[in-house]
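Start at 1 and go down the list; that is how both ligands and their atoms are numbered.
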Amino acid sequence: MTEVSRIPQHVTIIMDGNGRWAKERGKERVYGHYEGVESVRACTEAAVEAGVKYLSLYAFSQENWNRPQQEVESLMKLFFKSILEERSGFMNNGIKFVVCGNLEPLSEGLREQILECMEATSGNSRLTLVLFINYSGKWDIVQAANRFIALNPGKEIDQAGLESCLATRGIPDPDLMIRTSGEQRISNYLLWQCAYTEFYFSPVYWPDFRREEFNKALEVYAGRDRRFGGVK
Ligand code: FPP
């Protein structure tokens with residue numbers, strides 16, 4: 001059996017339930033997204049304390065462009081604002097910030113903000129915080145295949161080769177995936193990378209998913225028996 005640590009090296013989260021959280025309080029959906037940023041901060045702190053090395057978050061899927069224009073614009077503004085405001089916190093806490101996804105359709109201002117933050121925090125190593133923006137799992141596999149072919153003309157694609165071309169190259173596959181708000185599906189997220197990931201579904205809406213909830217997920221993970229297709 002493969003020996004695995006009780007602390008996951010990589011935790012990934014599908015942050016879900018912001019809209020319903022806001023609606024239950026008679027507020028606009030965007031209010032839930034703003035409150036969700038507080039959960040991002042709380043879970044990042046909890047991850048650092050627990051010794052998790054990679055925390056990744058599904059912030060905006062390629063399908064999310066289909067939301068009302070006003071909500072999309074609010075989310076883009078929120079990304080800009082949060083990345084700007086969190087940058088000094090990243091530096092003070094040794095956090096390396098990385099964004100994965102197709103950044104081309106984003107505004108130039110947001111793209112610059114992302115690249116500057118990635119550059120400034122690139123030397124940090126306590127925790128890598130990965131934000132998936134304009135990402136989808138199927139897109140990633142197709143872009144990886146095209147990239148492989150462009151880099152290796154005439155060569156047959158193999159697993160290691162494809163992996164080395166994914167948007168997540170260099171980032172270990174998630175050990176634990178959390179989805180909040182009671183939904184139990186993968187929503188075109190890390191389709192290739194979640195082959196042996198453990199799943200944890202919480203009924204709690206993302207804006208309420210703070211430190212204790214995150215630690216609860218780590219506890220459940222610690223009790224899981226991972227066999228990676230083998231036997232014990
Ligand atoms: C899903 O809830 C949430 C999102 C699509 C956006 C999540 C983004 C953040 C919390 C901002 C994080 C940003 C940074 C830069 C740290 P939903 O709207 O699908 O909720 P619903 O299912 O209740 O409608």
Selected option - heavy-atom contact closest to atom 17 (P) of ligand 1, from Lys81, Arg67, Glu38, Glu63 | Arg67
Does the cation-pi check pass for Arg67 over Trp65, that is, NZ or CZ under 6.0 Å from the six-membered ring centre and within 45° of its axis?
-> no
Compute the minimum heavy-atom distance from Ser181 to ligand 1 and say whether it is under 4.0 Å.
-> no
Considering only heavy atoms of Leu131, which atoms of ligand 1 have at least one such atom less than 4.0 Å away?
-> 15 (C)
Per-atom filter on ligand 1: closer than 4.0 angstrom to a heavy atom of Ala59 are 5 (C), 6 (C), 7 (C), 8 (C)
If you count the atoms of ligand 1 from 1 in the order shown, which ones are under 4.0 Å from a heavy atom of Val40?
-> 16 (C)
Atom 7 (C) of ligand 1: which protein heavy atom is closest, and how many Å away?
-> Asn18 ND2, 3.6 Å
Determine whether the side chain, the backbone, both or neither of Arg29 has a heavy atom under 4.0 Å from any heavy atom of ligand 1.
-> side chain
Main-chain N/O of Glu63 paired to Asn66 side chain as donor or acceptor, under 3.5 Å = yes
Ion pair Glu49/Arg211, N-O distance below 4.0 Å = yes
Got an N/O contact under 3.5 Å between Gly19 and ligand 1?
-> yes
Is it true that Arg210 and Glu213 have a side-chain N and a carboxylate O under 4.0 angstrom from each other?
-> no
Kindly assign one of parallel, tilted or perpendicular to the pair Tyr189 and Tyr135, based on the angle between their ring planes and the thresholds 30° and 60°.
-> perpendicular
Using a distance-only test with no angle check, is there a side-chain donor-acceptor pair under 3.5 angstrom linking Trp192 and Asp140?
-> no
With a cut-off of 4.0 Å, which atoms of ligand 1 are near a heavy atom of Arg20?
-> 21 (P), 22 (O), 23 (O)
Using modelled atom types only, decide if a donor and an acceptor are shared between the side chain of Arg224 and the backbone of Tyr221 within a distance under 3.5 Å.
-> no
